[in-house]
Structure formats: structure tokens, C-alpha cells
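A short write-up of the structure that comes next.
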Protein chains: 2
Amino acid sequence: MIEPTKASDPKQPKPRKPIYLTVKEDLIRRVLSGEWRPGDLVPSEIALAEEYSVSVGTARKAVEKLVQDNVVVRQRGRGTTIATYRGGKAAKPYKFLNFYSEQDERTERATYLDFAEGTATEFDAQQLGIAIGSPVSRVTRLRSASGRPAIIEHIVVRGDFCPNAAERFARLRPSSIASFFDRQYNLLIVRVDEKVYAALADQEDREHLGSAEGEPVLEVIRSAYDLGGFVIEYRLIHARQGVYYTNTTR
Amino acid sequence: MIEPTKASDPKQPKPRKPIYLTVKEDLIRRVLSGEWRPGDLVPSEIALAEEYSVSVGTARKAVEKLVQDNVVVRQRGRGTTIATYRGGKAAKPYKFLNFYSEQDERTERATYLDFAEGTATEFDAQQLGIAIGSPVSRVTRLRSASGRPAIIEHIVVRGDFCPNAAERFARLRPSSIASFFDRQYNLLIVRVDEKVYAALADQEDREHLGSAEGEPVLEVIRSAYDLGGFVIEYRLIHARQGVYYTNTTR
DNA sequence: AAGTGGTCTAGACCACCAT
DNA sequence: TGGTGGTCTAGACCACTTA
């Protein structure tokens, strides 16, 4: 049943909240509570309508909003499932990969270079929204395109949400980070922010990307948010000259 | 009335097209035909439902799709209008600006540097999807952020769609390009593709952006599509070091 | 006061998927 | 074959804008 929105609450009249939004928020609450885990089948629209005492159309609209937010995936004939990046036949939401390309080629599987547990620097703390000195895991990896090194990623992961991430990264060497968080920690990445800067190749770029001294590179700071709005990991990425970042705005 | 989808067409059974999509496409056709121009009020949902002999809910869904595509803007109590970038109280769709910033400051009004009519080079032709030698207009402008030059744009416009664009640019010096195409040519920009590369500052960047020799810059190739799917203009943009490109993926 | 979009209801039929 | 989501209908009330 829907919470009656606190009849005692005085600030009600103006921004009357649609029922479908209330239902959507309760469904998110149930995902966050662990009642449903990634890959689980959500009750059908008819079942949800009965459970929340709303019409099917309203339950439907709530589910549509969840789809927009990358929380669930609908499949005709099968049902609605909590989004998951795990393999198998079903239920992958939007992909955040595919961001870098070169000569219109997608980047290939990553090679892992380094793993470390550590504590948050001031910059880490700022990016992750945690305190300086909090535990973090650090991972470095390299991705290629057309058989040539293309981008190098320094990934920093929140230690409180993802204990022993470096060790698990080292053991599993996942090709998809979103999949890794999904399987290992039941965390669902639903949003990614990126900022792209111009920079010059540093020592590491020269070593691993084959950049020359004085050559320009793309520097990307990328933050990944989970369903709860927390930054789970951020990455400092360098892409060698020739590799590009692409985006479409509608 | 809706065209009955060619009853004689044999390829019907599998991909049955939803009615609301057919309605949406016909509404787009009417916009492209000039029946409605940017800023015009579209018939109400009830009127559309009657006109197309569908239920209000179906007409509504068609209009919702048009909103998603940046073609129309809905305002409760007022009605639905064709999207427009013209000033006034109403009807602005998504903004494609806001792409560049610095120290979290938006870029300011543009300064125009150069205007020219010309013919398409091979690169122009490729970007605009026209023949080499076709007429194009070229405009160069500079945008600042925090009082300092930040990005320089070379804009190339299709001459067949936008005759005398350089001359009009010179006369009007519009702050918004989308607004310019809207007012001058009744063209509605609904989608923008961008590719971001790393490059080194060239002579022009040193002159106008204050870049030093060997300093990195962002190079962006940006194509603007109108409602009909044509590339109306593309830009070659350089942003000096420190200015960044930002994007959120949901 | 009239008309609009925003929300909601309570049904219905269909295409698709798993069993 | 039964259940699912995808589509569609024909109403209804409300909040908001405009005249």
C-alpha cells in the first residue's frame, strides 16, 4: 500500500505528487532495500496495480519511469526484471561503455596493469564525496583499439561500499566495470558524469600509449553513480591523440 | 485521417506499427510541409484525436513522442506549440548550448570575427552530405568565459538550405545559432552530434585564445541536424586548455 | 469562465515468450 | 497455452493559463 503522504504534513496543496511517482519511488526503495536484486523478476503490472491499489495504467507509468532511469528492463512476454550487467540472455540496461573510439572502431578488452588498496587523497575525497583518508581501491588498466593501445584508466573505488575491490579486480579482471559492481557488490550504476579536458601526454602515456613528448591527449574525469546517488568510483582517463570522445544530444 | 498503410503492401504482418507512431509521423510531415511553423499552436489533444479518429490517449502518446524529439513543447493551460528558439515567453526546447564551461562558468556571448560565402571543400561536402563545390557560408566566431577567450568556432552552413547565411550572420550576429536558423530559415535544429579530439594549439588559437605554442586544445567537430535529418551546419571548434567539455549519460 | 495539458481509471485485444 | 508487456479506448477530475 502507498503511504498516504503524511496527512499531517501541511505543505501539500501546491505540488501534488502524481501517484505513479510515489509508486516509482517505493519500487526504488524496495530495490535499494535488497528485496529485489539485479536480475530478479519484478511483479507484473497487474500485480503491482493490485498491490498499490492503483490502476494498471498508473503502475505501468511508474515502471516506464524506472526504465528511463535504467533501473529495470522490460521484455515483452517475459516480464520486467531489475537491470543487471551480468551475462546471460536478458536484462541489460543502457551501456555506458562505447565512449571512446578510433577510426570508428570500438575499444577492445582491457588489460590490467596495477592494483592497490589505499586511502583517499584530497582529490579522491572530493570526487567520491568521502573523507580524506577513507579506504579506497585503485586499479589501472589499458584499453586498445585496432590492436593499438588507446586509453589508460586510473580507477578509484569507494572502499566502504566495495571492500577489497583491488583484490577482487586482480582476481577477476572484469571486462565491464558495471558488471563487476553488479556481481560483486550488488551495486547498480545508473548514471555517469564525464568532463573532457585537453592535456599533454605524461610519462605514463608515453610508456603505455606510445605518445610522443609534447603530444596532446584527452583527459577525462568520469564519475559513476549508483541508484542511491552515491559516486561508487571515478576514473582519470587519458586517451592518446587520434582517439575521440563522442556524444549525441537530442 | 490516417493513411491505411497501403492495404496492398504485402509486408505487413510482423512489424505492426503502433497508431501513435503513425500519427506522430504525420504531425512531423505537417511541420515539414510548413503547415505549422515554429511557435505555432498545435491543435489540442482532443482536436487531434478527432482529426485522426483515435482516442485522446493515443493522440497524447504521439505528442509525447514529439516532445521527446524536441519538435514541440507542451505547456499546461496554454497548449502545445512547435518548438522555437525565438525569444518570448514560450516554447523553447532542449538547449544544445551549455557544452563548454570553465571553472564551472558558462561561456558568454559570442564575438564574430569573419564571414564569407564560398564553395564546399571535400571535407565540407563529407560533413554536410552535399556535393563538392556546392555553395556554403562560413562564419568564424569567438566565445569567452570569465572574461577570457575560451573557444573559437568555424561554422560552415549549407548554402542550398540557407542562402546568404554569411551576409545575414554579419548583419544579425545572433547569440544563438539555433535561434538564427529558426528565425531566418524556419529550420528547427533537433539533434547535435559531437566528436572531441585532442590537438595542439595552432596559429589561430595562439592569436585569439591566448594559447602558447605546444599547448593542448580540445578540437570538436559538431554537426547539427534539422527535423528532416539533414546536416544544416557543422562546426570545427577549438577550446583552449582549461576549458572542458561535459556530458552526462543516464 | 473556458480550454488546455497532467493525471488517473477500468477495461480491452494483440504479439511475444516460456512452458 | 497462459502470462507478460505493448497498445488502445473512452471516459473522468484536476491545476493551470488566458481572456
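Protein chains get the first letters and strands the later ones, always in sequence-line order, with residue 1 at the start of each.
- Distances shorter than 4.0 Å separate some side-chain N or O of Lys61(B) from OP1 or OP2 on dT7(D).
- Residue Thr58(B) has no polar side-chain atom (N or O) positioned under 4.0 Å from OP1 or OP2 of dT7(D).
- Summarising the geometry, the separation between NZ on Lys17(B) and C1' on dA15(C) is reported as 18 Å, rounded to the nearest angstrom.
- At whole-Å resolution of the value, CG in Leu21(A) and C1' in dG6(C) are 11 Å apart.
- Taking the six-membered ring for Trp and thresholds of 30 and 60 degrees, Phe180(A) and Tyr185(A) have ring planes more than 60 degrees apart, a perpendicular arrangement.
- Residue Ser44(A) places at least one side-chain N or O closer than 4.0 Å to OP1 or OP2 of dT4(D).
- Checked against the 6.0 Å centroid criterion, the rings of Phe230(A) and Tyr225(A) do not qualify as a close aromatic pair.
- When atom types are taken as modelled, the side chain of Asp226(B) and the backbone of Leu187(B) share no donor-acceptor pair closer than 3.5 angstrom.
- Of all the heavy atoms in Asp69(B) and Val190(B), the pair that sits closest is O-CB, 3.6 Å.
- If you measure from atom CD1 of Ile19(A) to atom P of dA12(D), you get 18 Å, rounded to the nearest angstrom.
- The aromatic rings of Tyr197(B) and Tyr244(A) lie tilted to each other, with the angle between the two planes from 30° to 60°.
- When the side-chain nitrogen and oxygen atoms of Ser55(B) are compared with OP1 and OP2 of dG11(D), none of them lie within a distance under 4.0 Å.
- Toward the 5' end of DNA chain C, the nearer of the two residues Arg76(A) and Pro43(B), judged by each one's closest nucleotide, is Pro43(B).
- Under 4.0 angstrom from either OP1 or OP2 of dG6(C) there lies at least one side-chain N or O belonging to Arg60(B).
- As a whole-Å value, the separation of Glu45(B) CD from dC8(C) C1' is 14 Å.
- Applying the 4.0 Å criterion to OP1 and OP2 of dC8(C), one finds that Tyr20(A) has every side-chain N and O outside that range.
- Atom CD of Glu50(A) and atom C1' of dG3(D) are 14 Å apart (whole Å).
- Checking the phosphate oxygens (OP1, OP2) of dG5(C), no side-chain nitrogen or oxygen of Arg78(B) falls inside 4.0 Å.
- Atom pair Gln75(A):CD and dC17(C):P shows a separation of 9 Å (rounding to whole Å applied).
- Tyr52(B) places its OH atom 15 Å from the P atom of dC8(D), with the value rounded to the nearest Å.
- In this structure, the CZ atom of Arg74(B) is 14 Å from the C1' atom of dC16(D), given to the nearest Å.
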